[in-house]
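Structure, as structure tokens:
In the text below, chain A, chain B and the rest are named by the order of the sequence lines, each starting its count at 1.
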Protein chains: 2
Amino acid sequence: MQIQSAARAQKYENAVPSLLSENVESEVKLIGIARTFTKDQEIFGEGEAADFVYKVVTGAVRSFRILADGRRQIGDFYLPGDVFGMELGQQRRSAAEAVGDAVVIVARRATLTADPDNADRLWRHALRELQRSQDHVLTVGRRSATERVARFLLDLNERRGAGVMLELPMSRQDIADFLGLTIETVSRTLTQMQLDDLIEVSGCRHVRLTRRAALAELCE
Amino acid sequence: MQIQSAARAQKYENAVPSLLSENVESEVKLIGIARTFTKDQEIFGEGEAADFVYKVVTGAVRSFRILADGRRQIGDFYLPGDVFGMELGQQRRSAAEAVGDAVVIVARRATLTADPDNADRLWRHALRELQRSQDHVLTVGRRSATERVARFLLDLNERRGAGVMLELPMSRQDIADFLGLTIETVSRTLTQMQLDDLIEVSGCRHVRLTRRAALAELCE
DNA sequence: CGGGCGGTTGAGGTCAATCAATCAGAGTGG
DNA sequence: CCACTCTGATTGATTGACCTCAACCGCCCG
């Protein structure tokens with residue numbers, strides 16, 4: 001890892017609180033170094049030592065695993081305020097990359113777990129990630145392509161706070177690898193949603209959820 | 001929940017240690033009441049209060065969620081030694097049922113989290129569940145039916161310790177709903193594996209992994 | 001022996017994948 | 001400013017893996 005090269009960066013203390021502020025009490029306070037990653041830059045790789053924990057300040061991060069033949073599954077996207085990179089063991093079980101340019105706070109894992117107060121927050125955070133992962137299993141295991149895409153858009157919309165306008169930080173390929181689909185299927189599904197007046201797409205990175213309720217009905 | 005009705009049951013202290021004894025240090029010590037559930041009996045339902053944590057003594061347990069139209073996704077199976085039922089919030093986000101007859105230790109969640117020592121173990125346990133869930137996302141999102149079934153058999157085989165002989169506590173429907181397949185596909189896949197001399201099936205609940213290495217190659 | 005449940009097998013259909021071509025937008029250089 | 005390229009997205013045609021529907025089997029139990 002190239003953490004050392006971030007020595008020049010300034011210090012942050014919980015610079016950007018999560019947008020989901022109902023959960024303030026379980027907010028992880030990361031004290032560490034801010035580091036900037038460029039688009040597609042590796043934050044950590046599978047199998048590396050898991051000595052650091054991260055928190056997104058700006059941009060987005062994807063965690064993923066790749067099979068020998070190249071198939072990729074994105075476990076989750078992390079948005080500003082999200083913590084990622086906590087592991088049970090000493091090794092990374094998945095890799096992480098910046099989706100676009102991203103600023104991330106880096107903290108020593110040992111420092112965090114030493115403070116029991118922070119340890120408790122990390123624990124709650126792990127359970128929240130578990131929830132998301134379990135939701136994702138249901139989505140990928142039992143939902144149709146349309147339902148998966150609808151769910152993805154609504155989830156992103158909720159997490160970004162915000163109104164009906166939605167900016168997608170990630171490519172179609174990223175979305176496909178997140179939802180267990182192909183890029184073509186994602187594309188087709190989005191155009192179909194446009195034809196059904198569920199969304200408006202402008203420039204492939206901007207989606208307007210014109211009929212959010214109808215979209216929600218698609219995936220119960 | 002029908003926990004109260006278990007008052008007659010005797011007390012256990014960590015009656016059955018996990019078979020995966022490399023992780024002894026993170027072993028959750030549950031002190032609680034042993035309760036017997038019969039086949040398909042509900043242990044807890046979605047939306048109920050999450051006041052208890054459980055540990056399997058004998059038998060097997062499935063946790064699952066069901067969509068409005070009946071599609072079911074099994075999140076995981078819990079085998080003797082496994083802890084389940086820990087939640088972030090106050091409500092159950094999934095249901096749990098006994099796969100066959102099962103004995104389970106029931107402990108008050110509040111009691112467990114009060115002891116910081118136990119809290120730490122629970123935390124590690126949550127991360128282990130997270131690992132399993134993330135593995136499952138990869139399996140269900142990106143692997144073929146054959147790869148999924150192979151993975152399921154090998155995983156079960158590892159967890160039960162044991163040699164090449166494997167007893168399946170769950171039905172084909174359970175396996176299908178776990179792997180995101182249909183019962184027919186699971187059945188076909190198993191017979192194909194038999195034809196390929198990868199496994200021997202006797203009586204639909206007993207599988208012999210005759211060529212485990214070849215089976216492992218199927219899913220990398 | 002018969003009935004029932006769970007599992008297997010078969011035939012046909014469907015949804016998403018694959019293969020392939022085209023298109024749109026962002027840079028790049030002349 | 002306009003070709004040119006390159007990358008990512010869209011669209012179309014076809015294939016294929018898995019699902020659906022349906023029949024059958026086999027084991028268990030009365």
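- Using a cut-off of 4.0 Å between Lys/Arg side-chain N and Asp/Glu carboxylate O, Arg62(B) and Asp40(B) are scored as salt-bridged.
- Between the CD atom of Gln173(A) and the P atom of dC6(D) there is a distance of 20 Å, given to the nearest Å.
- Proximity of Arg188(B) to the phosphate of dT9(C): no side-chain N or O atom is located under 4.0 Å from OP1 or OP2.
- Judged by distance alone, with hydrogens and angles left aside, the side-chain atoms of Arg211(A) form a donor-acceptor pair with the main-chain N or O of Asp196(A) at under 3.5 Å.
- Taking 4.0 angstrom as the limit, Thr185(A) places a side-chain polar atom (N or O) nearer than this to OP1 or OP2 of dA17(C).
- Ile175(A) places its CD1 atom 14 Å from the P atom of dG8(D), with the value rounded to the nearest Å.
- For Phe64(A) and Phe178(A), the ring centers sit 6.0 Å or farther from each other.
- Atom CZ of Arg71(B) and atom P of dT20(D) are 10 Å apart (whole Å).
- Side-chain proximity of Cys204(A) to dA16(C), dT8(C), dT10(D): nearest is dT10(D).
- Taking atom CD of residue Glu184(B) and atom C1' of nucleotide dC19(D), one finds them 7 Å apart after rounding to whole Å.
- Rounded to a whole Å, the CG atom of Asp69(A) is 15 Å from the C1' atom of dT18(C).
- The nearest heavy atom of DNA chain D to Arg142(A) and to Gln194(A) marks one nucleotide each, and the one closer to the 5' end goes with Gln194(A).
- At whole-Å resolution of the value, CG in Leu190(A) and C1' in dA9(D) are 10 Å apart.
- Residues Phe44(A) and Tyr54(A) bring their aromatic ring centres within 6.0 Å.
- Between Lys39(B) and Gly180(A), it is Lys39(B) whose nearest contact on DNA chain C lies nearer the 5' terminus.
- Here Thr182(A) lies in heavy-atom contact (under 4.0 Å) with a base.
- Contact annotation: Ser144(A) does not reach the phosphate of dC15(C) (side-chain N/O to OP1 or OP2, under 4.0 Å).
- Between Asp51(A) and Arg109(A), no side-chain nitrogen of the basic residue sits less than 4.0 Å from a carboxylate oxygen of the acidic one, so the salt-bridge criterion is not met.
- OP1 or OP2 of dT11(D) has not a single side-chain nitrogen or oxygen of Ser187(A) nearer than 4.0 Å.
- Atoms CD (Gln192(A)) and C1' (dT10(D)) sit 14 Å apart, rounded to a whole Å.
- The nearest whole Å value for the distance from the CZ atom in Arg143(B) to the P atom in dA17(D) is 18 Å.
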